[in-house]
Amino acid sequence: MKLSMILIMIFCMFILSTVTITSTHYDDINKIDMDHINDDNSASLLDPYLEYEDVIAYLYMEDIVSDVIMKSGNDNKKYLNTNKDKKYAFHGELFFSQESKVTHVSDDFDMKRIYGHKMLNGSKFGNLIFLLEPDNKRPLYLYTETGVKEFELTRAFRYEDGTESFETALETGISKNEYLEMVTQDAIVSHVDEYDVEDKNILFLQTCENASSDIRYVFVFAEVSHE
């Protein structure tokens, strides 16, 4: 009996350690001091990757994501299972969707959609799921060659018709407020009572529920003004 109890305790400790490793997959680079956000060296996280042809930005949120973002051009599948070295990689890369039409750092970063796989080891957008817990809300930073933009989570929701349908729905021509109210009316997490984002840049981070599902988790971020 005592031996079986010891074995159970060892197994439980292993499970807990695995969960910890998964949820803090990026701790080695995510525990950085963000006080430098307005300094001249604000693009430091992006700098090492500027040699790559399609790297256009770097996305950072403590314990959640720390990775480059690619521009996908006219092909949403370009970096779905290809890495920044143009080699096959199941996890692919984070990328601005085709419909976002991001080609240069001077482009408007409003109503843009970034997709990443929900990897079980926490890489790419594997840790976004933790943001469904309200206590895990934290700032998101988008690094470009021209500086850093800060965003805050406003809502998260499930979209059941896949990425292509979500992309098309954004091209309806209605106002941002109307669109966000429409798609987030069944929000899982909401940090706002009402939307008034016409004068704010909005980023959508989306990832799949699982590898075989068309359901997407979508996280809506509004840019924070420091003026």
Side-chain angles (χ1 to χ4, degrees), residues 15-16 18-27 30 57 59-70 72 75-83 88-100 102 111-140 142 151-172 176 179-192 195 202-222:
I15 294 297
L16 287 173
T18 303
V19 171
T20 301
I21 291 171
T22 300
S23 63
T24 57
H25 182 74
Y26 290 119
D27 270 2
N30 274 9
L59 198 65
Y60 172 85
M61 179 185 287
E62 185 178 0
D63 293 336
I64 302 297
V65 60
S66 185
D67 215 331
V68 295
I69 313 173
M70 316 299 290
S72 62
D75 185 4
N76 273 338
K77 296 182 179 179
K78 185 174 183 179
Y79 287 105
L80 199 62
N81 296 115
T82 301
N83 64 21
Y88 173 81
F90 177 74
H91 53 70
E93 298 285 2
L94 308 184
F95 61 88
F96 281 104
S97 69
Q98 173 184 336
E99 295 299 328
S100 293
V102 174
M111 299 297 279
K112 305 307 183 185
R113 287 80 79 190
I114 303 171
Y115 181 82
H117 287 309
K118 181 175 174 287
M119 303 303 295
L120 294 179
N121 67 354
S123 63
K124 305 309 169 185
F125 278 168
N127 281 343
L128 281 185
I129 197 73
F130 289 107
L131 297 179
L132 297 180
E133 293 293 332
D135 290 343
N136 287 333
K137 180 184 177 183
R138 60 199 68 190
L140 175 74
L142 181 71
F151 293 81
E152 62 179 349
L153 179 65
T154 58
R155 287 189 179 180
F157 62 97
R158 292 169 85 246
Y159 192 84
E160 297 190 359
D161 297 323
T163 299
E164 184 175 352
S165 176
F166 177 66
E167 294 284 322
T168 304
L170 279 168
E171 305 301 322
T172 58
K176 286 196 292 186
Y179 174 76
L180 290 173
E181 288 176 359
M182 177 182 72
V183 296
T184 65
Q185 57 185 340
D186 296 321
I188 302 172
V189 175
S190 178
H191 296 291
V192 292
Y195 269 95
I202 297 296
L203 277 182
F204 298 92
L205 308 188
Q206 61 167 321
T207 191
C208 52
E209 184 176 55
N210 58 63
S212 60
S213 173
D214 278 340
I215 296 176
R216 300 290 182 263
Y217 284 109
V218 183
F219 299 82
V220 185
F221 290 82

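Both backbone and side-chain heavy atoms feed into the values below; hydrogens, waters and symmetry mates do not.
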Closest approach of Asn83 to Ala89 (non-hydrogen atoms, all atoms of both residues): CB-CB, 4.0 Å
Roughly how far, to the nearest 0.5 Å, is CD of Glu133 from CD1 of Ile188? 11.0 Å
Answer yes or no: is there a side-chain heavy-atom contact under 4.5 Å between Ile202 and Val220? yes
Phe221 and Leu131, any side-chain heavy atoms less than 4.5 Å apart: yes
Please find the pair of heavy atoms, one from Val189 and one from Leu132, that lie closest to each other, and give the distance. CG2-O, 3.0 Å
I want to check something: taking the side chain as every heavy atom from C-beta on, are Ile69 and Phe96 in contact at a cut-off of under 4.5 Å? yes
Any side-chain heavy-atom pair of Val68 and Leu94 under 4.5 Å: no
Do Thr184 and Thr154 have side chains that approach each other closer than 4.5 Å (heavy atoms only, starting at C-beta)? no
CZ/Phe219 to OG1/Thr207 distance, rounded to the nearest 0.5 angstrom? 8.0 Å
Donor-acceptor under 3.5 Å (Ser72 side chain, Lys78 main chain): no
Can you name the residues that form a side chain to side chain contact (heavy atoms under 4.5 Å, CB included) with Glu209, not counting sequence neighbours? Arg158, Ser213, Ile215, Tyr217
Nearest-0.5 Å distance, CD of residue Glu62 to CG of residue Asn127: 12.0 Å
Provide the closest heavy-atom pair for Gly92 versus His117 in the form atom of the first, atom of the second, distance. N-CD2, 4.3 Å
Can you give me the closest heavy-atom contact between Leu142 and Phe151, atom names plus distance? CB-CE1, 4.0 Å
Might you point out which heavy atoms bring Leu153 and His191 nearest each other, and give the distance in Å? O-CD2, 3.6 Å
So does Gln98 get a backbone contact from the side chain of Asn76, meaning a donor-acceptor N/O pair under 3.5 Å? yes
Is the backbone N or O of Ser100 less than 3.5 Å from a side-chain atom of Lys112, with the two atoms forming a donor-acceptor pair by type? yes
May I ask you to say whether Glu160 pairs ionically with Arg216, meaning some side-chain N is under 4.0 Å from a carboxylate O? no
Side-chain (Ser66) to main-chain (Tyr60) donor-acceptor, under 3.5 angstrom: no
Answer yes or no: is there a donor N or O on one side and an acceptor on the other, between the side chain of Asp67 and the main chain of Ser123, under 3.5 Å? no
Measuring from Lys137:NZ to Met61:CE, what's the distance to the nearest 0.5 Å? 10.0 Å
Is there side-chain contact between Arg138 and Asp63, with heavy atoms separated by less than 4.5 Å? yes
After noting the C-alpha distance and the side-chain angles of Phe157 and Ser190, does the key distance pass the side-chain contact (heavy atoms from CB on, under 4.5 Å) rule? CA-CA 9 Å; Phe157 62 97; Ser190 178; over 6 Å; no
Given Leu205 and Leu140, is the side-chain contact (heavy atoms from CB on, under 4.5 Å) satisfied, shown in steps? CA-CA 11 Å; Leu205 308 188; Leu140 175 74; 4.1 Å; yes
Any Phe125 side-chain heavy atom under 4.5 Å of Leu59 side chain: yes
Measure the OG1-NE2 distance between Thr82 and His91 for me, rounded to the nearest 0.5 Å. 10.5 Å
Give me the atom names and distance for the closest heavy-atom approach of Phe90 to Asn81. O-ND2, 2.8 Å
Hey, can you tell me if Tyr179 and Phe204 have their rings parallel, tilted or perpendicular (30° and 60° cut-offs)? perpendicular
